[in-house]
**Q** 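Just passing along the structure, written as structure tokens.
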Protein chains: 2
Amino acid sequence: MLNYDAILIRYGEIGLKSKRVRSRYERILVENIKAVLHLHKKTYSGIRRDRGRIFTHSNDPDIADVVANVFGVVSTSPVITTDPDLQMMAQMAADVGELTIHQNESFAIRARKAGVHDFSSRDIGVSCGDAVYERIKGQNPSIDLTSPDKEIFIEVRPDKAYVYTKIIKGVGGLPLGTQGRMVALITDDISSSVAVWLMMRRGCEIIPVCCDNAHLSGAAEGGRAVEHIKILQRWAPNYPMKIHEVPHGGGVENTYRIAAEIAKKERAHGIITGSSLEQVAAQISADVLAEALDIDFPICRPLIGMDRAEIVSFAKRIGIF
Amino acid sequence: MLNYDAILIRYGEIGLKSKRVRSRYERILVENIKAVLHLHKKTYSGIRRDRGRIFTHSNDPDIADVVANVFGVVSTSPVITTDPDLQMMAQMAADVGELTIHQNESFAIRARKAGVHDFSSRDIGVSCGDAVYERIKGQNPSIDLTSPDKEIFIEVRPDKAYVYTKIIKGVGGLPLGTQGRMVALITDDISSSVAVWLMMRRGCEIIPVCCDNAHLSGAAEGGRAVEHIKILQRWAPNYPMKIHEVPHGGGVENTYRIAAEIAKKERAHGIITGSSLEQVAAQISADVLAEALDIDFPICRPLIGMDRAEIVSFAKRIGIF
């Protein structure tokens, strides 16, 4: 068992922003990570930002899986911290290699360096590679840089070095709460919830408007739309969704009119819909309708270019299919 | 070498439509397939629709790869045709198995039946499995239904049976030309062209409006926007794209105004844009602008819910990255 002491968290598109915007996004991302860790009852001793990375200090490697599902996170790794010193790193790499590389397996050292040090990435590769090889030479190891059975990653930062073996793919996107608010029409099909999730992943806060008849008639306990909203809520625990309801009857026109009223009251930036994915024509008519009703909010249809199979694949990932 | 005599073409979402709509979609799909085969200089003796399938008669298995890239196609397979008779199918399966299954490999028969026959899918599996096994028993074969090295598929239709070993994944979507026309703003970045391709895949015919300055100034030979349009054109060879140009200068307002004029003249249903993917806020402002300019066409932004990585992945598939 490896003695992890932290989780390394990488984020992506934020890096493209100006320094001021980036700093705000990072603060929001850290808050969102804390909220998700709290929801999953994960304990940690601290969380800090360090030049393009976030570190959560904890011995619990499962935190890496939990944080990978926070919007804005590109990937995570449970890591072991050591000093940015060739000998220390080599010893740590050997410890890790001994525990993870099995009989007859090949391995590779993947080194990455930030900051000024008196050694190169290649030096790290050689020192650590040698140390691992020496430690496990009794089990017939081999070095294979192209397609090794096991990889040991070393990331050297100005004041610390991190050793790890796993990179968990994150959900990507932008931190929720950085891109304004949207009113979302949520029906009992999966499409509308996938549309909402995609806009959450792009950083939008959601004000759900529930258009599920089962819910309104009180037949089932809440209905599928409400179930979906509960699942979506778990992706953004620190942005409580205040569910609005569309009164029974009144048709599509009424729904849009009410959504626009809510958008105005809540100072939202637009209305999200995932309905009528099959036919562009139907989507367009909703737009024309909005125009006819003189609705002043843009209508976002993130599914308009998607295939049914892609929508179902997102639905599975979200947990609603 | 297997003696293929036809290509089996499967399509998906069309199946959900009413009979009348489906028939129209199928006719359009067949025309689009013919156009792509003509573009790629592929010869065939005939093409026919047969209850939810399309068959192209040809000995050239590469046609399966070409047709897989026609919008609306779910998958394709080069096939060998035989009679829907247990003995005939078993012999054909054995011929195919002999040529495709190697020493010590496992295999499975995958049978699928449409129409009334005096045998079950299971009967096909048993007869063909036995025949293949007998034929190659000298090379130590085994049957593995869970994860075989090789699969032999038998699809039985009312009047014919088809044997094949490969299923090539198609591009999906709806046949181009079934969902109306869209004016598309195309700049020199990849985003706008990915947005256009996604709407083409949803069945929309495109009227490109080129906003590439390089092109307008005549500096490079056409510029990247025009290059991208040429590549997009190859995905829909029978829908010639008449390129419109936005005169130099005049800014975003002018661009939208001209796009709306073209949309009106060409009786299009909307305007596609792929710009400003990073920030939802910027997308929204384009919408608000359109509203302010009193543009009567809905603006489609198929990338609004997408990540940069997803856009790049589509760009690679399209051939513009």
**Q** Hey, what do you get for CD (B:E310) to CD (A:E310), rounding to the nearest 0.5 Å?
**A**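 Nearest 0.5 Å value for the CD-CD distance: 9.0 Å.
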
**Q** Is A:V171 in contact with chain B via its backbone, its side chain, both, or neither, using a 4.5 Å heavy-atom distance?
**A**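 Answer is backbone: N, CA, C or O of A:V171 sit under 4.5 Å from chain B.
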
**Q** What distance separates B:D307 CG from A:L198 CG, expressed to the nearest 0.5 Å?
**A**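 B:D307 atom CG to A:L198 atom CG measures 9.5 Å (nearest 0.5 Å).
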
**Q** Calculate, to the nearest 0.5 Å, the distance between atoms CZ and CD1 belonging to B:R202 and A:I304 respectively.
**A**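 So the gap between those two atoms works out to 9.5 Å.
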
**Q** Taking side chain as everything from C-beta outward and backbone as N, CA, C, O, which of these in B:V194 sits under 4.5 Å from a heavy atom of chain A? Side chain, backbone, both or neither.
**A**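 The answer is neither part of B:V194.
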
**Q** Quick one: CD1 on A:I299 to CD1 on B:I299, what's the gap to the nearest 0.5 Å?
**A**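 Reported value, rounded in 0.5 Å steps: 12.0 Å.
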
**Q** Checking A:F71 against chain B: side chain, backbone, both or neither under 4.5 Å from a heavy atom?
**A**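 Neither part; nothing is under 4.5 Å.
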
**Q** More than 12 heavy atoms of other residues, nucleotides or ligands under 6.0 Å from CZ of A:R49: is that the case?
**A**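 Yes, CZ of A:R49 has more than 12 neighbouring heavy atoms, counting only those of other groups under 6.0 Å.
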
